[in-house]
Amino acid sequence: MNSFSINRFGKTLRWVVSVNYRKLLMWSIGVAMVVFAVEMILLKTDQNSSPYSTVYGFSVLCLLLLGLASLLLTSSIVSSINEKRKREAFLMLPSTNLEKYLSLLLYTTFISIACIFLAVVVGDSMRVLWAWVCGYTGEKGVTQTVNHAGETFYWWSSTIPQIWHNLMSCFPSNGNFFIYNEGHSKQVEICTNGYLIARYAFVFTCVVWIHSLFLLGGTLLRKYAFVVSGVVFMFAMWLYAEATINFHLDLYEYRYYFEHGKEGFDYFEYAIRMVNSSIAGIVLVLLLAFSCFNYWASYHIFKGFQLISNKWTNYDILKR
């Protein structure tokens with residue numbers, strides 16, 4: 001079987017779900033109860049809160065929980081078949097390596113994360129129902145507040161819309177930037193559509209690279225995959241921050257050459273942004289290359305799976 005078959009892929013995916021649905025169900029129930037308990041504890045302990053600040057705080061908390069859960073699930077792509085009996089049954093399924101790999105990838109990346117998201121919705125809805133039934137008014141007796149956008153928030157307002165708003169705030173809404181000089185600002189437009197596309201492409205590429213990194217760690221390592229992948233991710237972020245900061249410090253040493261009046265200052269700020277765009281382009285290309293390598297390496301390691309693997313890794317380089 002060398003060709004990809006949707007029918008075989010669907011059967012393999014159903015097998016993966018049927019083997020792990022009880023574990024996923026228990027995890028979903030646990031996440032829902034944790035979300036409800038944490039929100040209720042914060043609701044009772046924060047005496048100076050308002051409906052808007054409380055809902056906003058809950059949204060940040062839930063978004064962090066979803067992010068961590070997504071990375072944890074991605075790094076546990078093969079944890080469901082680490083046991084000898086399950087691995088033997090999985091490897092003997094009448095499907096290709098690609099179909100098996102994609103079934104595990106789809107289960108951990110989409111199905112599991114969707115279940116965790118639904119668990120967060122259920123946990124938050126339990127808090128909403130409690131606040132609405134009990135008529136909760138907070139320590140100060142305030143029932144509603146209005147944020148800067150004119151939206152009204154109550155104690156029983158759902159956190160989910162605010163989660164979506166926080167997530168979308170990571171993406172730019174226009175291609176404009178402001179240059180500040182002596183208390184005044186000048187708005188500059190630079191290729192609005194192209195600038196927006198580049199920003200969206202950069203954010204999307206970063207997400208793909210993070211996913212591929214934790215996927216590679218989960219495929220390679222049998223133990224502590226999430227921890228090791230997280231350490232590598234933090235180290236990469238530290239290297240990027242150090243390189244960027246040092247580069248900008250060196251660049252600002254030549255600032256006085258440009259500060260010959262107001263226009264010189266503006267040109268220097270414009271040059272800084274052009275340099276940042278160039279750096280972002282280089283990083284984007286590197287992240288794409290690393291992402292392709294991570295996905296390729298992850299699939300290559302999966303194809304070499306054996307019934308009995310090394311204690312720490314799923315790939316023994318000395319045997320290949």
Side-chain angles (χ1 to χ4, degrees), residues 1-29 31 66 69-119 204-205 207-226 228-229 232 288-320:
M1 293 183 296
N2 295 322
S3 60
F4 183 85
S5 173
I6 296 295
N7 187 31
R8 290 198 306 265
F9 169 70
K11 292 180 179 179
T12 306
L13 180 60
R14 285 196 296 269
W15 183 92
V16 173
V17 174
S18 64
V19 170
N20 298 282
Y21 82 95
R22 291 185 179 179
K23 180 180 179 181
L24 182 59
L25 179 61
M26 296 304 297
W27 271 101
S28 300
I29 295 175
V31 169
L66 285 172
S70 300
L71 297 179
L72 181 60
L73 289 169
T74 302
S75 63
S76 62
I77 179 173
V78 296
S79 62
S80 59
I81 57 171
N82 274 339
E83 298 178 9
K84 180 180 178 181
R85 178 179 58 83
K86 292 182 178 179
R87 178 171 292 211
E88 180 180 8
F90 183 75
L91 293 178
M92 292 182 64
L93 291 175
S95 56
T96 63
N97 288 328
L98 180 60
E99 292 162 359
K100 295 174 183 177
Y101 179 77
L102 291 180
S103 64
L104 291 175
L105 180 63
L106 184 61
Y107 172 76
T108 55
T109 305
F110 295 100
I111 297 177
S112 298
I113 294 176
C115 291
I116 297 300
F117 175 75
L118 291 177
F204 177 76
T205 305
V207 173
V208 171
W209 171 72
I210 295 173
H211 177 265
S212 67
L213 175 64
F214 280 83
L215 185 68
L216 176 59
T219 312
L220 174 64
L221 302 175
R222 291 173 62 88
K223 295 183 178 181
Y224 307 111
F226 176 75
V228 175
S229 301
V232 174
L288 283 176
F290 286 138
S291 298
C292 293
F293 172 79
N294 291 342
Y295 285 123
W296 171 85
S298 176
Y299 178 61
H300 182 73
I301 293 171
F302 177 79
K303 289 195 301 181
F305 269 23
Q306 302 295 325
L307 183 59
I308 300 177
S309 301
N310 185 281
K311 180 180 180 181
W312 295 98
T313 66
N314 286 304
Y315 186 81
D316 191 349
I317 192 173
L318 298 179
K319 294 182 180 180
R320 289 164 172 82

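Every value quoted in this text rests on a predicted model; they were computed, and no experiment measured them. Values reported hereafter were calculated over all heavy atoms of this structure, with side chains retained and with hydrogens, waters and symmetry mates removed.
- There is no side-chain donor-acceptor pair under 3.5 Å between T12 and S103.
- Closest heavy-atom contact between T108 and S76: CG2-O, 4.2 Å.
- Checking H300 against Y295 by side-chain atom types alone, no donor-acceptor pair falls below 3.5 Å.
- Here the side chain of S75 pairs a donor or acceptor atom with the backbone of L72 at under 3.5 angstrom.
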Steps toward side chain to side chain contact (heavy atoms under 4.5 Å, CB included) verdict (L104, F90):
CA-CA 10 Å; L104 291 175; F90 183 75; 3.7 Å; yes
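- Taking each heavy atom of L24 and C115 in turn, the nearest pair found is CD2-SG, 3.6 Å.
- Between the CD1 atom in I111 and the CG atom in L105 there is a gap of 10.5 Å [rounded to 0.5 Å].
- The number of heavy-atom neighbours closer than 6.0 Å to CZ of F9, taken from other residues, nucleotides and ligands shown, is above 12.
- Note that CG of L71 is 7.0 Å distant from CD1 of I210, once rounded to the nearest 0.5 Å.
- The line from NZ of K11 to CG of L93 is 11.5 Å long, rounded to the nearest 0.5 Å.
- In terms of modelled atom types and a separation under 3.5 Å, the side chain of E88 and the main chain of R85 share no donor-acceptor contact.
- Side-chain atoms of F4 and L102, non-hydrogen and from C-beta on, do get closer than 4.5 Å to each other.
- Annotation: the span from F110 atom CZ to S70 atom OG amounts to 11.0 Å, rounded to 0.5 Å.
- Taking every heavy atom of both residues into account, K100 and F302 meet most closely at CB-CZ, 3.7 Å.
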Please report the C-alpha distance between L118 and S28 in whole Å, then the side-chain angles of each, then the deciding distance to 0.1 Å, and finally whether the side chain to side chain contact (heavy atoms under 4.5 Å, CB included) criterion is met.
CA-CA 8 Å; L118 291 177; S28 300; over 6 Å; no
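- The two atoms that bring A69 and I116 nearest to each other are CB-CG2, 3.9 Å, heavy atoms only.
- The shortest non-hydrogen separation linking L216 to A297 is CD1-CB, 3.7 Å.
- Summarising the geometry, atom CG belonging to L215 is positioned 9.5 Å from atom CD1 belonging to I301; distances are rounded to the nearest 0.5 Å.
- Between L25 atom CG and R22 atom CZ the span is 10.0 Å, to the nearest 0.5 Å.
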May I have the step-by-step check of side chain to side chain contact (heavy atoms under 4.5 Å, CB included) for W209 and L288, ending in yes or no?
CA-CA 7 Å; W209 171 72; L288 283 176; over 6 Å; no
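- Under a cut-off of 6.0 angstrom, the local environment of OH in Y107 is crowded, with over 12 non-hydrogen atoms contributed by other residues, nucleotides or ligands.
- Every residue was checked against the ring-ring contact (aromatic ring centres under 6.0 Å, His included) condition with W27, not counting sequence neighbours, and none meets it.
- Considering all non-hydrogen atoms of both residues, S18 and Y21 come closest at O-CD2, 3.1 Å.
- A heavy-atom distance below 4.5 Å is found between the side chains of N97 and Y299.
- For the residue pair S298 / Y101, a side-chain donor-acceptor distance below 3.5 Å is found, with atom types taken as modelled.
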